[in-house]
Amino acid sequence: MEEGLDYVELAVAEFKDGLGWFAERLPEVGRQFISYANACFQDGELSELTKHLIGLGIAVQIQDEYCILYHGQNALRLGATERQILETLGVCGAFGGGAALSQAVTLIRDLLDAQSRMDTH
């Protein structure tokens with residue numbers, strides 16, 4: 001593990017690096033995807049925070065570890081409370097039961113622990 005980076009930061013950096021790699025090799029698709037995704041998360045009738053909570057919920061449902069961490073990290077960056085994150089996971093559990101929560105409860109705990117460590121420094 002790189003000095004100063006924890007698991008969450010490394011996973012999100014790995015995702016972004018992979019997306020950049022893809023965009024370099026297939027720019028007509030990769031750059032369009034990045035542009036589209038960025039536009040989707042801009043403030044509109046729904047706030048950027050709300051959109052990242054939705055993204056977190058979808059990522060939990062499809063068990064996408066990178067997106068769970070990415071959207072969870074962005075939600076926290078935008079001011080989401082621990083309770084808002086956990087309520088999002090609760091809704092996911094209502095839809096997807098144990099399968100939906102199997103990764104989320106550990107990944108989000110890791111994310112919240114990492115955020116707590118950053119807040120204390």
Side-chain angles (χ1 to χ4, degrees):
M1 199 179 288
E2 294 178 27
E3 189 175 330
L5 292 179
D6 66 7
Y7 165 73
V8 172
E9 291 171 316
L10 286 173
V12 171
E14 184 178 8
F15 163 71
K16 289 179 178 180
D17 185 59
L19 195 53
W21 172 87
F22 179 74
E24 286 175 7
R25 283 158 179 77
L26 192 62
E28 65 278 12
V29 175
R31 290 189 184 131
Q32 294 291 334
F33 172 78
I34 292 168
S35 178
Y36 175 76
N38 286 337
C40 288
F41 285 92
Q42 297 298 310
D43 277 329
E45 292 297 314
L46 297 174
S47 71
E48 183 181 359
L49 170 59
T50 298
K51 291 176 180 184
H52 280 289
L53 289 172
I54 291 168
L56 172 61
I58 293 168
V60 167
Q61 287 299 317
I62 64 172
Q63 297 185 359
D64 182 337
E65 181 176 340
Y66 288 108
C67 286
I68 291 170
L69 295 172
Y70 176 80
H71 291 291
Q73 187 181 62
N74 276 296
L76 289 171
R77 176 183 59 80
L78 292 165
T81 65
E82 180 176 310
R83 180 74 184 204
Q84 288 173 314
I85 299 284
L86 295 176
E87 286 185 12
T88 299
L89 302 184
V91 171
C92 292
F95 276 85
L101 291 177
S102 65
Q103 288 187 14
V105 294
T106 54
L107 293 172
I108 293 301
R109 182 185 59 202
D110 291 347
L111 176 65
L112 292 171
D113 287 349
Q115 182 69 36
S116 179
R117 286 192 304 276
M118 287 175 44
D119 290 347
T120 58
H121 285 87

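Numbers for residues simply follow the sequence, beginning at 1.
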(message) Filter on ring pair (Phe, Tyr, Trp, His ring centres under 6.0 Å), then keep only pairs touching residues 10-32, sequence neighbours left out; what's left?
(response) Phe15-Tyr70
(request) Please list, chain by chain and in numerical order, all residues satisfying side chain to side chain contact (heavy atoms under 4.5 Å, CB included) with Gln63, sequence neighbours excluded. (result) Ala99, Ser102, Gln103
(message) Could you check whether any side-chain heavy atom of Leu111 comes within less than 4.5 Å of a side-chain heavy atom of Ile85, counting everything from C-beta outward?
(response) no
(request) Only counting residues at least two apart or in another chain, list the ones meeting side chain to side chain contact (heavy atoms under 4.5 Å, CB included) with Glu87. (result) Arg83
(message) Restricting to side-chain hydrogen bond (donor to acceptor under 3.5 Å, both in side chains), what partner residues turn up for Gln115, sequence neighbours left out?
(response) Asp119
(request) Grab the two heavy atoms, one from Leu49 and one from Ala75, that are nearest each other, plus how far apart they are. (result) CD1-O, 3.4 Å
(request) First locate atom OG1 of Thr88, then atom CD1 of Ile108, and finally report the distance between them rounded to the nearest 0.5 Å. (result) 8.5 Å
(message) Please enumerate all residues that pass side-chain hydrogen bond (donor to acceptor under 3.5 Å, both in side chains) together with Gln32, with sequence neighbours excluded.
(response) none
(request) Please collect all ring pair (Phe, Tyr, Trp, His ring centres under 6.0 Å) contacts where either partner lies in residues 40-64, sequence neighbours excluded, each pair once. (result) Phe41-His52, Phe41-His71, His52-His71
(message) If hydrophobic clusters are built from ILVMFWY residues whose side chains come within less than 4.5 Å, do Phe33 and Val12 share one?
(response) yes
(request) Could you list all the salt bridge (Lys or Arg N to Asp or Glu O under 4.0 Å) pairs where at least one residue sits in residues 98-110, not counting sequence neighbours? (result) none
(message) Please give me the minimum heavy-atom distance between Pro27 and Glu24, naming the atom from each residue.
(response) CD-O, 3.7 Å
(request) Any side-chain hydrogen bond (donor to acceptor under 3.5 Å, both in side chains) involving residues 35-44? Give me the pairs, sequence neighbours left out, ordered by first then second residue. (result) none
(message) To the closest 0.5 Å, what do you measure between CG (Asp64) and CG (Leu56)?
(response) 11.0 Å
(request) May I have all residue pairs that pass salt bridge (Lys or Arg N to Asp or Glu O under 4.0 Å) and include part of residues 88-107, sequence neighbours excluded? (result) none
(request) May I ask you to decide if Glu9's main-chain N or O and Gln73's side chain share a donor-acceptor pair within less than 3.5 Å? (result) no
(request) Find out if a path of hydrophobic residues (ILVMFWY) with successive side-chain heavy-atom gaps under 4.5 Å connects Leu86 to Val105. (result) yes
(request) Could you list who else is in Ile54's hydrophobic cluster, with ILVMFWY side chains joined at under 4.5 Å, directly or through other members? (result) Leu46, Ile58
(message) Applying salt bridge (Lys or Arg N to Asp or Glu O under 4.0 Å), can you list everything that pairs with Arg31, at least two apart in sequence or on another chain?
(response) none
(message) Run the side-chain hydrogen bond (donor to acceptor under 3.5 Å, both in side chains) test against Asn74 and tell me which residues pass, sequence neighbours left out.
(response) Arg77
